[in-house]
Protein chains: 2
Amino acid sequence: MTTLWDRSRQVAVEQILDTAVRLFVEQGYEQTTIAQIAREAGISQRSLFRYFGTKEDLVCGDQEALGALLKRTVEQQPAELSPWDALRAGFELVLTANHTPERVLELSRLIFATPSLHARYIEKRLRWQADLVPVVQVRLGGGVGATPDPRAKAIVATVFACVDAATELWAQSGGRLDLAELYDQCLGAVRGDA
Amino acid sequence: MTTLWDRSRQVAVEQILDTAVRLFVEQGYEQTTIAQIAREAGISQRSLFRYFGTKEDLVCGDQEALGALLKRTVEQQPAELSPWDALRAGFELVLTANHTPERVLELSRLIFATPSLHARYIEKRLRWQADLVPVVQVRLGGGVGATPDPRAKAIVATVFACVDAATELWAQSGGRLDLAELYDQCLGAVRGDA
DNA sequence: CGCCTACTTGGCATTAACTGCCAGAAAAGC
DNA sequence: GCTTTTCTGGCAGTTAATGCCAAGTAGGCG
């Protein structure tokens with residue numbers, strides 16, 4: 001059952017998030033202090049840090065859930081799919097299940113424009129990569145407990161690199177280009193179509 | 001001419017760097033404070049921050065020079081080389097021109113073991129990537145001032161992803177495996193050899 | 001309803017990474 | 001030797017983040 005605490009918590013999260021993103025976009029990430037966000041969101045600094053462990057989490061916070069979703073989706077792809085196709089299917093789901101497109105565009109711009117944010121974003125995705133390597137390794141036919149297979153690590157890293165390249169191009173285009181199409185172009189340039 | 005300031009500066013940098021890396025390895029990056037490094041290196045905290053702008057720079061600092069070297073090397077490869085081969089040649093040079101192998105191993109372990117360091121390290125290398133994209137784009141035959149070519153961005157990102165994967169595997173092996181060989185395995189897994 | 005428990009909240013103090021400022025020391029140049 | 005430039009150290013201050021404790025508030029139960 002959903003208690004009042006859960007509901008008010010969710011409302012508070014939304015409220016804080018809206019305030020934070022608005023301020024970040026208006027005046028820049030570094031120029032916005034936690035104190036200001038807390039003040040404008042009508043909450044104490046201490047509580048803000050309880051909702052979002054770090055300032056960076058206000059922008060790229062809910063990545064843990066997405067990472068788990070990605071892993072599950074890739075795992076559940078039919079066994080005859082190549083690792084490339086399985087990973088592509090996973091990203092197709094994750095990239096659409098994110099937020100509204102406008103919010104994603106706002107956040108992407110912010111992340112690519114702010115080095116410290118970009119670093120934190122990469123850090124979160126490195127965790128996704130580590131989680132996915134064993135999944136891909138199984139799909140490659142290697143034993144699961146065997147020594148780490150360079151191929152699995154390389155494939156996962158490459159897919160993420162192409163997703164990153166496509167996302168940056170998409171953000172630079174102001175969201176006009178199609179993200180999936182950009183990704184296919186990127187991967188095509190890498191895998192012998194050239 | 002080399003002035004006394006330049007010399008003592010270089011000595012100080014080495015001194016600080018040795019102290020910092022030793023402490024990081026002994027007790028971990030996060031557990032080591034700037035105050036402790038400054039104390040043990042016999043320098044004031046204020047001066048330490050003048051030599052190294054951030055704590056992370058103590059580990060992955062001197063990357064700007066290497067990035068320039070990489071770009072120059074790739075540019076000067078013969079025109080008939082594919083982008084892949086040109087980039088490989090560049091990395092071959094950079095990876096050996098770094099430090100002593102033991103120091104590289106120490107630093108690599110540190111970077112891969114500390115998420116925030118790993119992220120910052122990748123962020124620095126994203127700058128290298130941005131510098132290299134136009135170089136690769138020329139090599140692909142596209143005009144230099146044309147709209148950004150997804151292919152160039154994807155190729156560069158993929159090469160870096162494979163270098164990263166190979167480096168991590170190399171560090172995990174304690175430096176016993178051959179880095180160039182690992183890189184070739186990684187890239188082979190990506191480019192249709194599989 | 002009244003009460004006890006569990007969880008949340010906010011304020012306070014503290015730490016750690018930085019930054020700006022200023023006075024003093026040391027090297028450079030003449 | 002004297003002036004100018006550059007470096008150094010200390011000090012205060014800012015910001016993100018954490019621990020602690022007292023006060024408030026929802027939830028369950030007799």
Side-chain angles (χ1 to χ4, degrees), chain A residues 1-17 19-21 23-24 26-61 110-111 114-121 123-124, chain B residues 1-17 19-21 23-24 26-61 110-111 114-121 123-124:
Chain A
M1 130 195 199
T2 158
T3 154
L4 174 61
W5 274 335
D6 295 334
R7 267 170 285 143
S8 62
R9 178 180 183 86
Q10 197 163 352
V11 169
V13 166
E14 302 261 335
Q15 174 98 17
I16 298 170
L17 231 44
T19 308
V21 173
L23 290 173
F24 289 158
E26 278 176 16
Q27 57 190 20
Y29 176 79
E30 313 275 8
Q31 284 68 43
T32 306
T33 68
I34 294 284
Q36 188 184 9
I37 299 169
R39 208 182 318 121
E40 298 211 12
I43 199 178
S44 79
Q45 270 189 55
R46 196 62 192 81
S47 291
L48 199 158
F49 274 116
R50 268 194 274 262
Y51 284 114
F52 302 89
T54 69
K55 188 181 177 186
E56 282 123 354
D57 280 352
L58 287 164
V59 177
C60 37
L110 215 49
I111 288 171
T114 313
S116 71
L117 269 181
H118 200 175
R120 180 65 65 144
Y121 174 70
E123 188 191 330
K124 299 238 173 196
Chain B
M1 136 199 195
T2 159
T3 152
L4 174 61
W5 272 337
D6 293 335
R7 267 172 285 143
S8 61
R9 178 181 183 83
Q10 197 163 352
V11 169
V13 165
E14 302 263 335
Q15 174 97 19
I16 297 170
L17 231 42
T19 308
V21 173
L23 289 173
F24 288 158
E26 278 176 16
Q27 57 189 19
Y29 175 79
E30 314 274 6
Q31 284 70 42
T32 305
T33 68
I34 294 284
Q36 188 184 9
I37 298 170
R39 207 182 320 122
E40 299 211 11
I43 199 179
S44 79
Q45 210 165 323
R46 194 64 190 82
S47 290
L48 199 158
F49 274 116
R50 268 192 275 261
Y51 283 114
F52 301 91
T54 70
K55 188 181 176 187
E56 280 136 356
D57 280 352
L58 286 164
V59 177
C60 36
L110 212 51
I111 288 171
T114 313
S116 72
L117 271 180
H118 195 180
R120 185 66 68 171
Y121 173 70
E123 190 200 329
K124 294 234 176 198

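First the proteins, then the strands, lettered A, B, ... as listed; each starts at 1.
Between B:Y51 and D:dC7 there is no side-chain polar atom (N or O) within less than 4.0 angstrom of OP1 or OP2. A:S47 has a side-chain polar atom (N or O) that falls below the 4.0 Å cut-off from OP1 or OP2 of C:dG10.
Rounding to whole angstrom units, CG of residue B:L48 and C1' of D:dC11 are separated by 17 Å. In this structure, B:I43 atom CD1 and D:dG10 atom P are separated by 11 Å, rounded to whole Å. Protein atom CZ of A:R9 is 13 Å distant from nucleotide atom P of C:dC7, rounded to whole Å. If you take CD1 of A:I37 and C1' of D:dA17, they are 14 Å apart, rounded to a whole angstrom.
Every residue was checked against the side-chain contact (heavy atoms from CB on, under 4.5 Å) condition with A:Q10, not counting sequence neighbours, and none meets it. Residues passing the salt bridge (Lys or Arg N to Asp or Glu O under 4.0 Å) test with A:E26 are A:R22, sequence neighbours excluded. In this view, A:Y29 and A:F24 satisfy the ring pair (Phe, Tyr, Trp, His ring centres under 6.0 Å) rule, not counting sequence neighbours.
Here the closest heavy-atom approach between residue B:S116 and residue B:E56 is recorded as O-OE2, 4.5 Å. Across every non-hydrogen atom of A:K124 and A:D57, the tightest pair is NZ-OD1, 3.1 Å.
For residues 41-50 of chain B, the pairs satisfying side chain to side chain donor-acceptor pair (under 3.5 Å) are B:S44-B:S47, with sequence neighbours left out.
For the atom pair A:I37 CD1 and A:L58 CG, the distance stands at 5.5 Å (nearest 0.5 Å).
Two residues are said to be in side-chain contact when any heavy atoms from C-beta on lie closer than 4.5 Å; B:I34 and B:F49 meet this criterion.
Both B:E56 and A:G42 sit near DNA chain C, but only A:G42 has its closest nucleotide nearer the 5' end.
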B/S/- along nucleotides 20-30 of chain C (protein heavy atoms under 4.0 Å) is BB-----BS--
Listing time: all N or O pairs from protein to nucleotides 14-17 of chain C that are below 3.5 Å?
| residue | atom | partner | partner atom | Å |
| --- | --- | --- | --- | --- |
| C:dA17 | OP1 | B:K55 | NZ | 3.1 |
| C:dA17 | OP2 | B:I34 | N | 3.2 |

